[in-house]
Amino acid sequence: GSITTADGSALVKLGNTTVICGVKAELAAPAVDSANKGYIVPNVELPSLCAERFRSGPPGEEAQAASQFIADVIENSQMIVKEDLCIANGKLAWVLYCDIICLDYDGNLLDASVFALLAALKNVQLPLVTINEETGLSEVNFKQKNPLIIRKHPVATSFAIFDDTLLIVDPTAEEEDLATGTVTIVTDEEGRLCSVHKPGGSPLTGAKLQDCISRAITRHKEVKKLIDKVIKSITPK
Amino acid sequence: SVSPGDTSVLAGLYGPGEAKVSKELPDRAALEVLLRPKVGLPGVLERSREQLLRQTCEAVILGVLHPRTAISLVLQVLSDAGSLLSCCLNAACMALLDAGLPLTTLFCGVTCALQPDGTILLDPTARQEQEARATLTFAIASRERKVLMATTKGSCSVEEMQQCLATAQRAADTIFQFYRDSVRRRYSKS
């Protein structure tokens, strides 16, 4: 991956928008009410270096809303099933901290974040962890590494809406500022909708929304091919 | 205050009033939405909901009539028994109506839950939402029933989404009639 110290990472450039995602895996005890589930904690950061509108300090609304969106995409698409992250029921589970940091903001943050997350997770290699029956302690075997089981591959497609009629795919920052609304559609490889995210903005008819969804499904195929090609090219033979 | 079933949200609208220099916009009113949960401090989920509500309201409020002012919408969750986001949307619209702010269109919030067997449930309870395969929330505008805001939880097929949207658009008629009746009742006494 792009970050050598991370368990999995990816750098994505969509036009000028540059997003890097690093995944770190740690061990923790699972929650009491879901003893067979691990955790995935996404965090989107928009540091002040990526665009002048972001100030340093606590995360602003856009970063928090993006973090919530990524958490929803992971949950809705079931790309990683939390049960797969469990090592020993009630005792030990993996926690995947996914840090998505924007290095250059030129619009369409959500699409780039979802791609970076997907590519980074495909890149993750987790060491084998066993629990010693006698001592009850965990033993980590760094020599044996397994990739994560990724069940679905969600891809986000964002559109900028202008005056209820015009739709532009993959808007730049300038187009986003002038747009009267945005729509983000997340689809998986079966053509199912994982998320329709239209946070207000000018109203759309059902037909226009359907148009967006069809284009999102077409775009999914192209993006999936690209991700597969890149992952294949870096896998050591 | 709006309560469908047991979910209850109190909305307070303040404005258009004077805006802080750092927040004022030169050509339109600056809208701020604060969503306070029933227990605990507002977290990332509230922030994301605030963004949804703010952008929905910004699309309908004629902000250009009140430049350099601030409009503040505060929503307090009194009880949550499912369909919270659509309850917040309805409360926000009624607060806008009550304040007499100039709007291009009214909007209402409708939540649809897709059961595992394929049936569509409107305004699900918390339990129904948990059991559902997918929960979709739409903000439907009163003009031509267009979609102002859409958000989904869980995955569904495209046809199912279209069906839910059509159902939500039909349900919107009932909610708009309720708005009319409430406003009529409020102004008929005075």
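Letters go in sequence order (proteins before strands), and every chain restarts at 1.
- For B:Gln162, the part lying under 4.5 angstrom from a heavy atom of chain A is the side chain only.
- A salt bridge does not link B:Arg49 with B:Glu46: none of the charged nitrogens is closer than 4.0 Å to a carboxylate oxygen.
- Contact count versus chain A (heavy atoms, under 4.5 Å) is highest, among B:Leu165, B:Thr105, B:Val60, B:Val158, for B:Val158.
- Interface residues of residues 57-85 of chain A toward chain B, defined by a heavy-atom distance below 4.5 Å and sorted by number: A:Glu61, A:Gln64, A:Ala65, A:Ser67, A:Gln68, A:Asn76.
- Residues of residues 142-154 of chain B placed with any heavy atom under 4.5 Å of a heavy atom in chain A are listed by number as B:Lys146, B:Val147, B:Leu148, B:Met149, B:Ala150, B:Thr151, B:Thr152, B:Lys153, B:Gly154.
- A donor-acceptor contact shorter than 3.5 Å links the side chain of A:Thr180 to the backbone of A:Ile161.
- The stretch residues 17-35 of chain B places none of its residues near chain A, where near means some heavy atom under 4.5 Å from a heavy atom of that chain.
- Around atom CZ of B:Arg68, no more than 12 heavy atoms belonging to other residues, nucleotides or ligands sit under 6.0 Å away.
- Chain A forms more heavy-atom pairs under 4.5 Å with one residue of B:Ser155, B:Ser48, B:Ala59 than with any other, namely B:Ser155.
- Side-chain N or O atoms of A:Thr17 include one that pairs as donor or acceptor with a backbone N or O of A:Asp106 at under 3.5 Å.
- Listed in order of number, the residues of residues 22-54 of chain A that approach chain B to under 4.5 Å between heavy atoms amount to none.
- Annotation: maximal heavy-atom pairing with chain B below 4.5 Å, among A:His197, A:Lys152, A:Glu190, occurs at A:His197.
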